[in-house]
2 protein chains.
Amino acid sequence: MNTQATQHFTIGGVARRAEVGIDTIRYYEREGLLPPPRRRASGYRDYGPDVVERLRFIRRAKELGFTLEEIRELLVLSTDRERGVKSVKQRAEARLDQVNQRIHELQRMKRGLQQLIDACPGHGALEHCPILRALGGEENA
Amino acid sequence: MNTQATQHFTIGGVARRAEVGIDTIRYYEREGLLPPPRRRASGYRDYGPDVVERLRFIRRAKELGFTLEEIRELLVLSTDRERGVKSVKQRAEARLDQVNQRIHELQRMKRGLQQLIDACPGHGALEHCPILRALGGEENA
DNA sequence: CTTGACTCTGGACCATGGTCAAGGGTCTAA
DNA sequence: TTAGACCCTTGACCATGGTCCAGAGTCAAG
């Protein structure tokens, strides 16, 4: 019967080990990022140790800027032996493109702000403030 | 009596000129970004031409990444003759700092993603996919 | 047996920046 | 006068990623 007693945790034990909130775990389950676990007779969720790994996966992916939606897709792909590796790499590349684009947007903002700051003496009449003027000011005519 | 007939617009006229939605204008009014305009006998909002400038101000500031909250503060400062210019410049500098910080975060993400992508052959067994492994995989044991 | 810590479900709530709908009044041209 | 376009207010709704609450049941220690 192979009655290997693997470790089992309640939701609180998982939450402590993975350093996330209990509500977050239930939320991820609702959103399909975690599979519904077995239940004890009491109705308590009964988790194996895998779920802690999975929560770490989610956290690292979040740190790389993936949305929960994208992470859910990654998790599905990670069990798809046919399309898995290729698709996962493609997702990572797509995410990289998004990051690059966002960096360029922010660099455009940065240049705009820097120009205004450089042009502004930091004192004097409001009428001569290049920041307000550039933004479209003159409403206190 | 200086009865100069300046241009007056209904909310729809302003919306067309400033290229924003009518609801957006009312929303900005609720949020304190636009002063409550005079009303006609009918109750219709009656705008002078200044509001179009102000909406352009808001749009440009938004493009520079200011939140509506920050823009509201800028608008208040732009009428404060004592602290105006200095504070405005400080806000712009603070915003620049935020932008720089966000750029650095994204560049960190970018490096993380690039490493995973470079290490991934794009085919083969899931077990050997460095992306899944790095993210904390092995949950399909 | 009781106390306190834990868990369950369902649903409300947070910020952000709006958008849309319902049910009514107004304005203008034909 | 009437149609159609416009305006009014109030209030609900969207996505995102959770957080918190009430009211009830469970579990372990003393």
Side-chain angles (χ1 to χ4, degrees), chain A residues 7-34 36-48 51 54-75 95 98-99 102 105 109, chain B residues 7-34 36-48 51 54-75 95 98-99 102 105 109:
Chain A
Q7 292 156 293
H8 284 271
F9 310 116
T10 62
I11 195 169
V14 172
R16 273 191 301 280
R17 281 169 180 82
E19 294 179 282
V20 299
I22 286 176
D23 285 338
T24 304
I25 295 175
R26 287 197 277 245
Y27 174 69
Y28 286 173
E29 183 182 327
R30 280 201 299 286
E31 296 298 310
L33 282 102
L34 296 177
R38 265 178 283 142
R39 299 298 184 114
R40 298 184 184 169
S42 60
Y44 283 22
R45 288 172 178 79
D46 195 17
Y47 291 101
V51 77
R54 191 145 173 144
L55 282 166
R56 288 205 186 112
F57 181 107
I58 294 169
R59 200 179 56 228
R60 288 177 208 160
K62 254 160 42 90
E63 283 165 10
L64 290 175
F66 288 93
T67 64
L68 294 190
E69 169 69 20
E70 291 167 332
I71 294 169
R72 196 162 48 63
E73 289 168 18
L74 282 177
L75 287 166
R95 176 73 202 132
Q98 287 170 22
V99 170
R102 185 73 186 129
E105 283 170 22
M109 283 184 197
Chain B
Q7 291 156 290
H8 284 270
F9 310 116
T10 62
I11 196 169
V14 172
R16 273 191 301 280
R17 281 169 179 81
E19 294 179 280
V20 298
I22 286 177
D23 285 337
T24 304
I25 295 175
R26 288 196 277 245
Y27 174 70
Y28 285 173
E29 182 181 327
R30 280 200 300 285
E31 295 299 310
L33 283 102
L34 296 176
R38 267 177 281 141
R39 299 297 184 114
R40 298 185 184 168
S42 60
Y44 283 21
R45 288 172 178 79
D46 195 18
Y47 291 101
V51 77
R54 191 143 174 147
L55 283 166
R56 289 206 184 111
F57 181 107
I58 294 170
R59 201 179 55 228
R60 288 176 209 164
K62 254 160 44 89
E63 284 165 9
L64 290 175
F66 288 93
T67 64
L68 293 190
E69 170 69 21
E70 291 168 331
I71 294 169
R72 197 160 48 62
E73 288 169 18
L74 282 177
L75 286 165
R95 176 73 201 132
Q98 288 169 22
V99 170
R102 185 73 186 129
E105 283 169 23
M109 284 184 197

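Side-chain atoms are counted along with the backbone in the values below, which use heavy atoms only and exclude waters and symmetry mates. So that the names make sense, note that chain A is the first sequence line, chain B the second, and so on, each numbered from 1.
For the pair A/Arg17/A/Gln7, no side-chain contact is recorded, criterion being any heavy-atom separation below 4.5 Å from C-beta on.
In this view, A/Glu63 satisfies the side-chain hydrogen bond (donor to acceptor under 3.5 Å, both in side chains) rule with no residue, not counting sequence neighbours. With sequence neighbours excluded, no residue satisfies salt bridge (charged side-chain N to carboxylate O under 4.0 Å, His left out) with A/Arg59. B/Arg40 pairs by the side-chain hydrogen bond (donor to acceptor under 3.5 Å, both in side chains) definition with B/Asp46, not counting sequence neighbours. Judged as a salt bridge (charged side-chain N to carboxylate O under 4.0 Å, His left out), and not counting sequence neighbours, the contacts of A/Arg102 are A/Glu105. Annotation: salt bridge (charged side-chain N to carboxylate O under 4.0 Å, His left out) contacts of A/Glu69 (sequence neighbours excluded): A/Arg72. The salt bridge (charged side-chain N to carboxylate O under 4.0 Å, His left out) search around A/Arg95 returns none, not counting sequence neighbours. Shown here are the side-chain hydrogen bond (donor to acceptor under 3.5 Å, both in side chains) partners of B/Glu29, two or more places apart in sequence or in another chain: B/Arg45.
Contact check of residues 12-22 of chain A against DNA chain C (heavy atom, cut-off under 4.0 Å) returns A/Gly12, A/Ile22.
What separates OH of B/Tyr27 from C1' of D/dT10 is a distance of 16 Å, to the nearest Å. Rounded to an integer number of Å, the gap from A/Ile25 CD1 to D/dC20 P is 15 Å. Rounded to a whole Å, the CD1 atom of A/Ile11 is 14 Å from the C1' atom of D/dC20. Following rounding to the nearest Å, B/Asp46 (CG) and D/dC8 (P) show an atom-to-atom distance of 10 Å.
In terms of position along DNA chain C, the nucleotide closest to A/Tyr47 lies nearer the 5' end than the nucleotide closest to the other residue of the pair A/Arg30 and A/Tyr47.
Looking only at distances, a side-chain donor or acceptor of B/Arg54 sits under 3.5 Å from a matching main-chain atom of B/Leu33.
Closest approach of A/Ala15 to A/Gly21, counting heavy atoms only: CB-C, 4.3 Å. Of all the heavy atoms in A/Gly48 and A/Phe9, the pair that sits closest is O-CD1, 4.1 Å. The minimum heavy-atom distance linking A/Leu68 with A/Lys62 is given by the pair CD2-CD, 3.8 Å.
Using five terminal pairs a side, the axes of the helix from C/dC1-D/dG30 to C/dA30-D/dT1 at its two ends make an angle of 30°, given in steps of 10 degrees.
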Intermediate values then yes/no, side-chain contact (heavy atoms from CB on, under 4.5 Å), B/Tyr47 and B/Ile11 = CA-CA 7 Å; B/Tyr47 291 101; B/Ile11 196 169; 4.0 Å; yes

task = For the pair B/Leu55 and B/Leu34, evaluate side-chain contact (heavy atoms from CB on, under 4.5 Å) and give the outcome as yes or no after the intermediate values.
result = CA-CA 8 Å; B/Leu55 283 166; B/Leu34 296 176; 4.1 Å; yes

query = What string of B, S and - do you get for nucleotides 21-30 of chain D 5' to 3' if you count protein non-hydrogen atoms under 4.0 Å?
reply = ----BBS---

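Bounding nucleotides for the chain B contact on DNA chain C, 5' to 3', at a heavy-atom distance below 4.0 Å, are C/dG17 to C/dC27.
Of the candidates D/dC8, D/dG18, D/dC6, the closest approach to any side-chain atom of B/Thr10 belongs to D/dC6.
The distance from the CD1 atom of A/Ile71 to the OH atom of A/Tyr28 is 7.0 Å, given to the nearest 0.5 Å. B/Leu64 CG to B/Glu70 CD: the interatomic distance, rounded to the nearest 0.5 Å, is 11.0 Å.
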Every protein N/O lying under 3.5 Å from an N/O of nucleotides 2-4 of chain D:
none

